[in-house]
**Q** 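I have a structure here, written as structure tokens, and I will follow up with some questions on it.
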Amino acid sequence: MFPTPIAKTSRSWQITYQSILPLALIMWLLPLLAVALFSIKPDSDFSTGNYWGWPSSFEGFTNYGKVFLESNMPRYLLNSLLITIPTVVGAVALSCMAGFALGVYRFKGNLLIFFMFIAGNFVPFQILMVPVRDLTIGMNLYDTKTGLVLFHIAFQTGFCTLFMRNFIRALPFPLIEAARVEGVAEWRIFWYVVLPLMKPALAALAVLIFTFIWNDYFWAVVLTQGPDAQPVTAGITEFNSQYRAAYHLMSAGSIVAALPPVAMFFLMQKHFIAGLTLGAVK
Amino acid sequence: MTYVSPPPEARSRGWYKRNEIAVTPFLFLIPAVLFFAIYVIIPIGQSFWISFHEWDGLGDKTWVGTANYERLLFDDRKFTTSFWNNIKWLVLYLLAIPGGLFIALFLNQTVTGIRLYKSLFFFPFVISQVVVGLVFSWFYLPREGLLNAILAVFGAGPVNILGDPSTATYGIIAAGLWPQTAYCMILYLTGLNAVDPEQVEAARLDGAKGWRMLWYVILPQLRPATFIAFVVTIIGALRSFDLISVMTNGGPFGSTRVLSFYMFEESLSEFGFRMGYGAAIAVVLFFIMLGFIVYFLWSMWRDEKGAR
């Protein structure tokens, strides 16, 4: 293990390490802690200039209550959910199938198609903006959740296919051959042999895509406009202009907007990190 | 010569059954390839085409040849600023890699609660860039911001990072480095987990310690993690849009624009949509990226070939 395990070092360094650890964490999360502190402060603290002192009263419930009851926030959150979940389902479904095709079969153009998916995934997405916006308007889907979902599915399929294909590649191939010898139809092999083995990959991809899509901002502002379809990342700017300079409310709003992926991460941490670090170990 | 008739069951089986193994992959690929082609591959070509036109997004396109590119390269100060800002982003964003490695080395221990520490250090990456942008723009606020409150303790004067054209870009990059470093950290933590303990012990017996150990024994084993960290950092740097849009909206005086932001601004500008010009900027960005894409693909291709 590198660096030397702390248990094997001198007593003084052990104590130093144990005390540096929480300090470093506080330093690291300082900007975030500041926002959390803002979000429970009363309005009056800002007018009296008590920015960093102890809150003169605890107003967490009032502030967060306002976010949920007196703004468009719940609507934006619902939009985000209605955009994110279909995208996760769609992208995972498409890439499972594509990954199966690319991971199991040998045919001409296999690597070529695979590399098309990888390359498309690296492209700066600004180059897609004008045509995709035009296409979405042409399909009458501008400013709808469907328009956003369709694009997200397509774009995420690149990354997901890369992921799925490499995962399927690592499965024991004799299993598939055995099924073939038994005369099992190919689609049944996919459904009954490969898919059950892919559960960890499915979980990892689902949490990753959930986070990516929930946090998307660029496409939300390119393809949608108002509170009818915009997700929370775009809605937060409208929220902030509504409460200009009301830092306690803006802070509470931001925390609400950021929370769902955070919850997802803490619930499914193992899968999340497994997905994110795919390929970091050979 | 005896004529052997095909076995009866082969004749009765349908065309699909006989060609099952050859056909199935294509059936499985169709939906994904279709989606990907319509929304990703074809639009790349279309953007190239549009970049040779003047187009407001509604009416007819007017062919202008390379006029958009000529204007970009020789007659557009905003473009020059954006381009150099992109270079700054690319170079400074790479600091996330050593930064992430440093934190990973710091956290690669087994003490009680270390798992929670690791997740909390990783936490900034999970938050959307919009919120990161907001958090940092409040952190930098000249009057209410925590940064100036801390500086005041040390007697340093208030600074207005985002309000000053000479520091604003660096302020945004610092905000971007926060989640990116967390990402690199998690890559390296996973990599460190897989480092061969026997090699480390052997090197220790040979007297390797500290920096030399890190450089000659650990880093070579972390190569895959470094490669991925490099890929995601470069892509992240060139895609930077959210932070700029949220923190400064390109200002002050246009000093924080980057190509991706400038492209968006031109295409959907309030003074009429200039889609052709926007597309041209996107094409330039694409070519900057292409160099990296080719390198990434080449590395991956080499590994694939090696795996066979």
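Below, read A as the first sequence line, B as the second, and so on, with proteins coming before strands; counting in each chain starts at 1.
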**Q** List the atom of A:S254, the atom of B:V131, and the distance in Å for their closest heavy-atom pair.
**A**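 Heavy atoms of A:S254 and B:V131 come nearest at O-CG2, 3.8 Å.
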
**Q** Name the member of B:Y140, B:F35, B:F28 that forms the most heavy-atom pairs with chain A at distances under 4.5 Å.
**A** B:F28

**Q** Against chain A, label B:L34 side chain, backbone, both or neither, depending on which of its atoms sit under 4.5 Å from a heavy atom there.
**A** neither

**Q** Check whether B:L214 gets within reach of chain A through its side chain, its backbone, both or neither, counting any heavy atom under 4.5 Å.
**A**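 It is both, since atoms from each part get that close.
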
**Q** Quick one: are A:T157 and B:Y39 in side-chain contact, heavy atoms under 4.5 Å?
**A**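 The answer is no, as the side chains (C-beta and beyond) never meet within the 4.5 Å cut-off.
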
**Q** Quick one: closest heavy-atom pair of B:A32 and A:A98, and the distance?
**A** CB-CB, 3.7 Å

**Q** Check the pair A:R133, B:L268 against side chain to side chain contact (heavy atoms under 4.5 Å, CB included), reporting the backbone distance first and the verdict last.
**A** CA-CA 11 Å; A:R133 189 173 178 277; B:L268 304 175; 3.5 Å; yes

**Q** Between B:F36 and A:F117, what is the ring plane arrangement, given parallel below 30°, perpendicular above 60°, and tilted in between?
**A**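 Rings of B:F36 and A:F117: tilted, 30 to 60°.
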
**Q** If every non-hydrogen atom of A:Q126 is compared with every non-hydrogen atom of B:M263, which pair is closest and at what distance?
**A**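 Looking at all heavy atoms of both residues, the shortest contact is O-CE, 3.4 Å.
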
**Q** Taking all heavy atoms of B:R204 and all of A:P3, pick out the closest pair and write down the distance.
**A** NH2-C, 4.2 Å

**Q** A:F38 and B:W138: aromatic ring centres closer than 6.0 Å?
**A**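 Centroid separation for A:F38 and B:W138: 6.0 Å or greater.
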
**Q** Is a side-chain donor or acceptor of A:E186 paired with a backbone partner of B:A22 at a separation under 3.5 angstrom?
**A**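 No, because the side chain of A:E186 does not come within donor-acceptor range (under 3.5 Å) of the backbone of B:A22.
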
**Q** How long is the straight-line distance from CD1 of A:I127 back to OG of B:S51, given to the nearest 0.5 Å?
**A**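 B:S51 OG to A:I127 CD1: 8.0 Å, rounded to 0.5 Å.
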
**Q** For A:F190, is it the side chain, the backbone, both, or neither that has a heavy atom closer than 4.5 Å to a heavy atom of chain B?
**A** side chain

**Q** Are A:F265 and B:S119 packed together at the side-chain level, in the sense that at least one heavy-atom pair is separated by less than 4.5 angstrom?
**A**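 A:F265 reaches B:S119 side chain to side chain.
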
**Q** Kindly indicate whether the side chain of B:I127, heavy atoms from C-beta on, has any atom under 4.5 Å from the side chain of A:L32.
**A** yes

**Q** Of the backbone (N, CA, C, O) and the side chain (C-beta and beyond), which part of B:L134 lies under 4.5 Å from a heavy atom of chain A, both, or neither?
**A**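 For B:L134, side-chain heavy atoms alone lie under 4.5 Å from chain A.
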
**Q** Relative to chain B, which segment of A:N121 carries a heavy atom at a distance below 4.5 Å: side chain, backbone, both, or neither?
**A** backbone

**Q** Distance check, rounded to the nearest 0.5 Å: A:Q269 atom CD versus B:L116 atom CG?
**A**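 Result: 8.5 Å between the selected atoms.
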
**Q** Rounded to the nearest 0.5 Å, how far apart are CZ of A:F114 and CG of B:L29?
**A**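 Reported value, rounded in 0.5 Å steps: 12.0 Å.
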
**Q** Quick one: what part of B:F241 sits under 4.5 Å from any heavy atom of chain A, side chain, backbone, both or neither?
**A**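 Looking at B:F241, just its side chain touches chain A.
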
**Q** Would you mind checking which part of A:F218 comes under 4.5 Å of any heavy atom in chain B, side chain (CB onward), backbone (N, CA, C, O), both or neither?
**A** both

**Q** Does B:V126 offer a backbone N or O that forms a donor-acceptor pair with the side chain of A:N215 under 3.5 Å?
**A** yes

**Q** So do the side chains of A:Y105 and B:T24 get within less than 4.5 Å of each other, counting heavy atoms only?
**A**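 Yes, their side chains come closer than 4.5 Å.
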
**Q** I'd like to verify something: which residue of B:L238, B:I50, B:L105 has the highest number of heavy-atom pairs under 4.5 Å with chain A?
**A** B:L105

**Q** Just verifying a value: how many Å separate B:L146 CG and A:L37 CG, rounded to the nearest 0.5 Å?
**A** 9.0 Å

**Q** Heavy-atom count around A:L112 CG within 6.0 Å, excluding the residue itself: above 12?
**A** no

**Q** Please rank B:F264, B:F125, B:F136, B:F292 by heavy-atom pairs under 4.5 Å with chain A and give me the top one.
**A**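 Result: the option with the highest number of such pairs is B:F264.
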
**Q** Look at A:I236, A:V221, A:L150 and state which one has the largest set of heavy-atom pairs under 4.5 Å with chain B.
**A**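 Most heavy-atom pairs within the cutoff with chain B belong to A:L150.
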
**Q** Rounded to the nearest 0.5 Å, how far does CG of A:L94 lie from CD1 of B:I30?
**A**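 Answer for the CD1-CG pair, B:I30 versus A:L94, is 12.0 Å.
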
**Q** Pair B:F26, A:F107 - check ring pair (Phe, Tyr, Trp, His ring centres under 6.0 Å), show working.
**A** CA-CA 10 Å; B:F26 293 100; A:F107 57 91; 4.9 Å; yes

**Q** With a 4.5 angstrom heavy-atom cut-off, which part of A:M264 approaches chain B: side chain, backbone, both or neither?
**A** neither

**Q** Less than 4.5 Å to any heavy atom of chain B: does that hold for the side chain of A:A24, its backbone, both, or neither?
**A** both

**Q** Check whether B:V200 gets within reach of chain A through its side chain, its backbone, both or neither, counting any heavy atom under 4.5 Å.
**A** side chain

**Q** Select one option (side chain, backbone, both, neither) describing which atoms of A:L21 are under 4.5 Å from chain B's heavy atoms.
**A**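 Contact with chain B: backbone and side chain both.
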
**Q** Working to the nearest 0.5 Å, report the span between CG of A:L135 and CD of B:Q46.
**A**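 Answer rounded to 0.5 Å: 7.5 Å.
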
**Q** Select one option (side chain, backbone, both, neither) describing which atoms of B:W49 are under 4.5 Å from chain A's heavy atoms.
**A** neither

**Q** Using heavy-atom distances under 4.5 Å, tell me whether B:Y183 contacts chain A through its side chain, its backbone, both, or neither.
**A**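 For B:Y183, the contact with chain A is made by the side chain alone.
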
**Q** What part of B:L147 lies closer than 4.5 angstrom to a heavy atom of chain A: side chain, backbone, both or neither?
**A**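 Neither part, no heavy atoms under 4.5 Å.
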
**Q** Pick one of side chain, backbone, both or neither for B:L120, based on which atoms fall under 4.5 Å of a heavy atom in chain A.
**A** both

**Q** Please state whether the side chain, the backbone, both or neither of B:F139 comes within less than 4.5 Å of a heavy atom of chain A.
**A** side chain

**Q** Can you tell which part of B:F121 gets under 4.5 Å to a heavy atom of chain A, answering side chain, backbone, both or neither?
**A**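 Contact with chain A is through both the backbone and side chain of B:F121.
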
**Q** Does any backbone or side-chain atom of A:Q14 lie under 4.5 Å from a heavy atom of chain B? Answer side chain, backbone, both or neither.
**A** neither

**Q** Fit a plane to each ring of A:F272 and B:F122, take the angle between them on a 0 to 90° scale, and name the class: parallel (under 30°), tilted (30 to 60°) or perpendicular (over 60°).
**A**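 The arrangement is perpendicular - the two ring planes meet at more than 60°.
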
**Q** Which answer fits B:L285, side chain, backbone, both or neither, if we ask what part of it has an atom under 4.5 Å from a heavy atom of chain A?
**A**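 Both the backbone and the side chain of B:L285 come within 4.5 Å of chain A.
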
**Q** So which of A:A91, A:G120, A:A93, A:C96 has the biggest tally of heavy-atom pairs under 4.5 Å with chain B?
**A**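 Winner by heavy-atom pair count: A:G120.
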
**Q** So for B:V130, is it side chain, backbone, both, or neither that comes closer than 4.5 Å to the heavy atoms of chain A?
**A** side chain

**Q** Select one option (side chain, backbone, both, neither) describing which atoms of A:A185 are under 4.5 Å from chain B's heavy atoms.
**A** both

**Q** Among A:Y217, A:W28, A:F122, which has the most heavy-atom pairs under 4.5 Å with chain B?
**A** A:W28

**Q** Using heavy-atom distances under 4.5 Å, tell me whether A:V35 contacts chain B through its side chain, its backbone, both, or neither.
**A** side chain

**Q** Could you tell me which non-hydrogen atom of B:I44 sits nearest to which non-hydrogen atom of A:V123, and how far apart they are?
**A** CD1-CG2, 3.8 Å

**Q** Quick one: which of B:M275, B:Q109, B:E20 has the most heavy-atom pairs under 4.5 Å with chain A, could you say?
**A**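 Ranked by contacts with chain A, first place is B:Q109.
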
**Q** In chain order, what residues pass the ring-ring contact (aromatic ring centres under 6.0 Å, His included) check against B:F106, with sequence neighbours excluded?
**A** A:Y17

**Q** Would you check if B:Y117 and A:P22 make a side-chain contact, meaning some heavy-atom pair closer than 4.5 Å?
**A** yes

**Q** I need the residue from B:P197, B:A175, B:G145 with the largest number of non-hydrogen atom pairs under 4.5 Å to chain A.
**A** B:G145

**Q** Measure across A:L276 and B:I186 and return the closest heavy-atom pair with its distance rounded to 0.1 Å.
**A** CD2-CG2, 4.2 Å

**Q** State whether the number of non-hydrogen atoms from other residues, nucleotides or ligands found under 6.0 Å of B:W301 atom CH2 is greater than 12.
**A** yes

**Q** If you count heavy-atom pairs under 4.5 Å between each of A:A257, A:A34, A:C160, A:G158 and chain B, which one has the most?
**A** A:G158

**Q** In terms of heavy-atom proximity below 4.5 Å to chain A, should B:F273 be classed as side chain, backbone, both, or neither?
**A**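 Only the side chain of B:F273 comes within 4.5 Å of chain A.
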
